[in-house]
Each structure stands twice: as C-alpha cells, then as structure tokens.
K.L.:
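I'd like to ask some things about the structure below.
For the single chain, residues carry numbers from 1 onward in sequence order.
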Amino acid sequence: MIRIDVSEIKNWELIKKKHSEWYEKKILPNIKKAHTLLLSKKTKDDSIKKYKELLKKIIERGENYVIEEELFLGYDDDEIKNILDSIKKLKNDFKKSNLSEDYLPHKLFSYDEFPNHTGEWNRHKLLSLMEIEVCPYCQRNYISSFEENDDKRTTADLDHFYPKSLYPFLALSLYNFIPSCQICNSRFKGTKDTYNSVYPYEESFDDLGAKFKTSKEIIYEILGEKDANFFVEIDYKNLKNKDREKVEKSIKHLGLDKVYKKSHNQYIKDLLDNIEKYPKNYLESCVEILDEYYKDKNKKEKIIKYFIDIVKEPCRKRIENGEPLAKLTKDILDEFKIKI
C-alpha cells in the first residue's frame, strides 16, 4: 500500500473548493432540516440522541465538513464505537418514533447524490483532477484517465476507505475517497471494516517498514538456471504491535498476500536476470570486441559499470515514478543488496 500525498496533487485545493461548494448546495440544507426536525421530537432512544449530537457537530463545520482531513470530528475510539452501534439501531428507533427514513444517515449522506459523470461536479471530474495513475492499495494496476467525447474519464473506482454501509456519515467525505482498481475495491476489500488499518492519506507500508521479500537461496538457484518454486511474502512481523496489527489487517482486507505470492515470479526472475546475470556476460563480450581500443583493465571495468547502470535505469524510473510494482522492485533489489 502506498501513501497518497495530497501536497503532490496539483489540483487538490481546486478539488476541495469544488467538493465543498457542491456539498453546501446539495447536501447540507437537508442535514440542517433533519437536525431541526429531530430536535423538535422528544424521544428517549439513546441512538437518536447520539445521532442529534453527531449532526450538530457536522453542521457546525459547515461546508468544510466533507473536506476535513480529520474524519472523525475529534471523537476517540470508544466514542466512535458507540456512534457506530447507535447507527445500527437507528432504523428501528426511527420507526418506533414515527420518524421518516429520509432523515437516516444513509439517506442524508447518500453517495448516490454524487453524480457519476453529469453536472458541474462529479466523480469522474474528481478522479481526473486527482491524477492518480496507479492503485494505492496494491500498486499493481494502472487506474489511468482517458478521453471520451471531449470529456476526461478514468478507469479507477472511487472506493470508500471507511465503508459507507458502516460509516454512512463519511460517505461524501473527500478524505474517505480512495481511487483504486476494481480488484482491490470490489473483489477483496468490499465492506470490510478498515478502522485501525493502514490509511493511505497518512501512511504507507514503506513508512511503517513492511517489505516484500523472497528466499535468497531459491532466487540464486534461478540465476544459476536451476528449477525452483519460490514465492513472495510481505515481511511485517518485526514491526511494533500497533503497526503490525494495522499492516496485517490491511493485507487481509486487500488480499495482498494472495495477489503477490506467485503472481509476479516471472517479473522477479527477469528483474534479477537482467541486472545481475545477462548484462555482465553480454557487456564483457562487447568490451572484448573493443579490446584494441581499451586495453586498460580499469577502463574496461568502468565501461562495464557504465552499461550496467544503463540497464538499471528502467528500475530507477519505475521506483521514482511510483509505477506498478515499484515497491516490489525496490524491496527485492534491497534484499539482494543491488544498488541502483
């Protein structure tokens, strides 16, 4: 999992402006209306009482609520748990109090109200302005933009990091939106509760110290042209307790251990072959051809090193640009102490 650094998103302030304006115009009036109505109703249900308090906090933040980096309004872990428990009871308590379901959080903060590709502000425009090209969850798949009928579209899903089914009051919050590939969003993550897991707007596996690794002995067999069956794992066992639990939870939710285990074995083999095996043999032969011009042994070694650096350049670019498999590339090269 990689971090989404909003300081590197050139359109971030524009995104915030457009999203808050849309929310203020389309969503906030109904929230205020619901809160006023609920205040006029005398109920003994604790779930409705907590819901009123939540709506009050949200209204106090005005149009900025959906663009705040702090998603949970200053609530601590226990308070959030109580809110989530209350939300589960709201539908029944609304029915008992003869309150309209239109004022439930799933309706007030309905993601369906955020257009897919129509109107002045919509999901496709948001995704296009973010310009995130690779899935932050798996860093395996491109989520690129494309043009259609003079309109910029994107192949990305807009995932809710905190599922809208469990956290309906965050269904429209900008910092709860993660551009992602369909495999991560739909096939693996789904509606799993991600609370206290690795949150891409704050940290990454790299930040926490989790790394891809494989078996040196088996890879060396491959470089020696022997048959070997190897696999990739994500090493996080030595992290601090809290960090280890967050990484473990994220791996499980996104199926990262499954999709990386053997899917990229050929890529790893080719990576090591191209850098460690073939260049030296090939380039030494090339230098021998030029032997009459470069009889000096030191000059030969410098030429070989120069050409090996050229071979490594694509790996450098992949890592620097955050292309698919950039972290896998970096971690495997680090494991084998290959400097690029």
K.L.:
Salt bridge or not for Asp85 and Lys89, using N-O below 4.0 Å?
P.N.:
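Answer for the salt bridge query: no.
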K.L.:
Okay, side chain of Ser97, backbone of Phe94: is any donor-acceptor separation there less than 3.5 Å?
P.N.:
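Judged by distance alone, no pair lies under 3.5 Å.
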K.L.:
Calculate, to the nearest 0.5 Å, the distance between atoms NZ and CG belonging to Lys96 and Asn98 respectively.
P.N.:
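Here the rounded value is 13.0 Å.
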K.L.:
Is a donor on one side and an acceptor on the other found under 3.5 Å between the side chain of Gln139 and the backbone of Lys327?
P.N.:
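Yes.
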K.L.:
Which is it for Lys16 and Glu13 under the salt bridge (Lys or Arg N to Asp or Glu O under 4.0 Å) test, yes or no, and what are the steps along the way?
P.N.:
CA-CA 5 Å; Lys16 288 169 65 177; Glu13 290 306 314; 3.7 Å; yes
K.L.:
Quick test of your reading of the model: are Glu68 and Arg61 salt-bridged, counting only N-O distances below 4.0 Å?
P.N.:
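Yes, charged N to carboxylate O under 4.0 Å.
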K.L.:
Go through the side-chain N and O atoms of Tyr103 and Asn30 and say whether any donor and acceptor fall under 3.5 Å apart.
P.N.:
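The criterion, which ignores hydrogens and geometry beyond distance, is not satisfied for Asn30 and Tyr103.
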K.L.:
Under 3.5 Å, is there a donor-acceptor pair between the Asn241 and Glu245 side chains?
P.N.:
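Glu245 and Asn241 do not have a side-chain donor-acceptor pair below 3.5 Å.
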K.L.:
Please find the pair of heavy atoms, one from Pro200 and one from Phe161, that lie closest to each other, and give the distance.
P.N.:
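Closest approach of Pro200 to Phe161, heavy atoms only: CD-CE1, 3.6 Å.
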K.L.:
Please determine which of Tyr65, Phe114, Trp12 meets the ring pair (Phe, Tyr, Trp, His ring centres under 6.0 Å) test together with His19.
P.N.:
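Per the ring pair (Phe, Tyr, Trp, His ring centres under 6.0 Å) rule, the option paired with His19 is Phe114, out of Tyr65, Phe114, Trp12.
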K.L.:
Between Ser250 and Val198, which heavy-atom pair has the shortest distance, and what is it?
P.N.:
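So the two residues come closest at OG-N, 3.0 Å.
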K.L.:
Give a yes or no on whether the backbone of Thr214 and the side-chain of Glu335 come within a donor-acceptor separation of less than 3.5 Å.
P.N.:
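Yes, because the side chain of Glu335 sits within donor-acceptor range (under 3.5 Å) of the backbone of Thr214.
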K.L.:
Of all the heavy-atom pairs spanning Asn196 and Lys249, show the shortest one and how long it is.
P.N.:
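It is O-CD, 3.9 Å.
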K.L.:
For Lys246 and Glu203: C-alpha separation, side-chain torsions, deciding distance, then whether salt bridge (Lys or Arg N to Asp or Glu O under 4.0 Å) applies.
P.N.:
CA-CA 11 Å; Lys246 286 197 295 186; Glu203 57 198 358; 2.6 Å; yes
K.L.:
What I'd like to find out is whether the side chain of Asp159 reaches to under 4.5 Å of the side chain of Tyr137, using heavy atoms alone.
P.N.:
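Yes, at least one pair of side-chain atoms sits under 4.5 Å.
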K.L.:
Validate the cation-pi geometry between Lys261 and Phe231: distance from NZ or CZ to the six-membered ring centre under 6.0 Å, angle to the ring axis within 45°.
P.N.:
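Because its charged atom sits under 6.0 Å from the ring centre and within 45° of the axis, Lys261 does stack over Phe231.
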K.L.:
Are the side chains of His106 and Pro168 in touch, meaning some heavy atoms are under 4.5 Å apart?
P.N.:
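Of all side-chain heavy-atom pairs linking Pro168 with His106, at least one is under 4.5 Å.
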K.L.:
Looking at side-chain heavy atoms only, is the closest gap between Asp157 and Cys181 below 4.5 Å?
P.N.:
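A side-chain contact is absent here, since even the closest heavy-atom pair is not under 4.5 Å.
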K.L.:
If you define the side chain from C-beta out and look only at heavy atoms, does anything of Leu55 sit under 4.5 Å from Lys52?
P.N.:
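Result no, sub-4.5 Å side-chain heavy-atom pair not found.
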K.L.:
Quick one about Tyr167 and Asp193 (side-chain donor to acceptor, distance below 3.5 Å, no hydrogens or angles considered), yes or no?
P.N.:
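Yes - a donor-acceptor pair under 3.5 Å links their side chains.
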K.L.:
Consider only side-chain N and O atoms of Tyr51 and Asp93, and report whether a donor and an acceptor are under 3.5 Å apart.
P.N.:
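No pair is found: no donor N or O on one side chain lies under 3.5 Å from an acceptor on the other.
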K.L.:
Taking the basic N atoms (NZ, or NE/NH1/NH2) and the acidic carboxylate oxygens, is any pair closer than 4.0 Å for Asp77 and Lys81?
P.N.:
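Answer for the salt bridge query: no.
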K.L.:
I'd like to know if Glu53 pairs up with Lys50 as an ion pair, taking the criterion as any Lys NZ or Arg NE/NH1/NH2 lying under 4.0 Å from an Asp or Glu carboxylate oxygen.
P.N.:
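No, this pair does not count.
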K.L.:
Look at Asp331 together with Lys213 and state whether they make a salt bridge at an N to O cut-off of under 4.0 Å.
P.N.:
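A salt bridge is absent here (no side-chain N lies under 4.0 Å from a carboxylate O).
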K.L.:
Out of curiosity, Ile27 CD1 to Ser110 OG, how far, rounded to the nearest 0.5 Å?
P.N.:
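The CD1 atom of Ile27 sits 7.5 Å away from the OG atom of Ser110.
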K.L.:
In Å, rounded to the nearest 0.5 Å, how long is the span from CG of Leu325 to NZ of Lys330?
P.N.:
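NZ of Lys330 is found 14.5 Å from CG of Leu325.
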K.L.:
Measuring from atom CD1 of Ile268 to atom OH of Tyr260, what distance do you get when rounded to the nearest 0.5 angstrom?
P.N.:
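The distance works out to 10.0 Å.
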K.L.:
Side-chain contact, heavy-atom cut-off 4.5 Å: Lys211 with Ile234?
P.N.:
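Side-chain contact under 4.5 Å: no.
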K.L.:
Compute both the distance and the angle, then confirm whether Arg123 meets the cation-pi test with Tyr111: under 6.0 Å from the six-membered ring centre, within 45 degrees of the axis.
P.N.:
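Satisfied, under 6.0 Å and within 45°.
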K.L.:
Decide yes or no for Arg3 and Glu202: does some side-chain heavy atom of the first lie under 4.5 Å from some side-chain heavy atom of the second?
P.N.:
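Arg3 does not reach Glu202 side chain to side chain.
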K.L.:
Given the ring of Tyr75, does Lys57 sit roughly above its face, with NZ or CZ under 6.0 Å from the centre of the six-membered ring and within 45° of the axis?
P.N.:
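Satisfied, under 6.0 Å and within 45°.
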K.L.:
Could you measure the distance from the CG atom of Leu71 to the CG atom of Leu174? Nearest 0.5 Å is fine.
P.N.:
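Atom-to-atom, Leu71:CG and Leu174:CG are 9.5 Å apart.
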K.L.:
Between Gly322 and Val134, what is the shortest heavy-atom contact and its length?
P.N.:
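Residues Gly322 and Val134, closest heavy atoms: O-CG2, 3.5 Å.
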K.L.:
So do the side chains of Glu69 and Tyr201 get within less than 4.5 Å of each other, counting heavy atoms only?
P.N.:
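SC-SC contact between Glu69 and Tyr201 ruled out.
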K.L.:
Step by step, work out the salt bridge (Lys or Arg N to Asp or Glu O under 4.0 Å) result for Arg244 and Glu248.
P.N.:
CA-CA 6 Å; Arg244 184 174 67 248; Glu248 187 171 33; 5.7 Å; no
K.L.:
Which value, rounded to the nearest 0.5 Å, describes the distance between Ile340 atom CD1 and Thr329 atom OG1?
P.N.:
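Here the interatomic distance stands at 8.0 Å.
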K.L.:
For the residue pair Tyr162 and Phe72, categorise the inter-ring angle as parallel (less than 30°), tilted (30 to 60°) or perpendicular (more than 60°).
P.N.:
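The rings of Tyr162 and Phe72 stand perpendicular, inter-plane angle above 60°.
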K.L.:
Show the numbers, then the answer: is there a side chain to side chain donor-acceptor pair (under 3.5 Å) between Ser7 and Asp5?
P.N.:
CA-CA 5 Å; Ser7 68; Asp5 187 350; 2.6 Å; yes
K.L.:
Lys252 side chain to Val247 main-chain N or O, any donor-acceptor pair under 3.5 Å?
P.N.:
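Judged by distance alone, no pair lies under 3.5 Å.
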K.L.:
Within a 6.0 Å radius of atom NZ on Lys26, are there more than 12 heavy atoms belonging to other residues, nucleotides or ligands?
P.N.:
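It does not: Lys26 NZ has 12 such atoms or fewer within range.
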K.L.:
Can you find a pair of side-chain heavy atoms, one from Ile183 and one from Cys138, that are under 4.5 Å apart?
P.N.:
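With C-beta onward as the side chain, the pair stays apart.
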K.L.:
Does a sphere of radius 6.0 Å around NZ in Lys192 hold more than 12 heavy atoms from other residues, nucleotides or ligands, not counting ones at 6.0 Å or beyond?
P.N.:
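Correct, the count exceeds 12.
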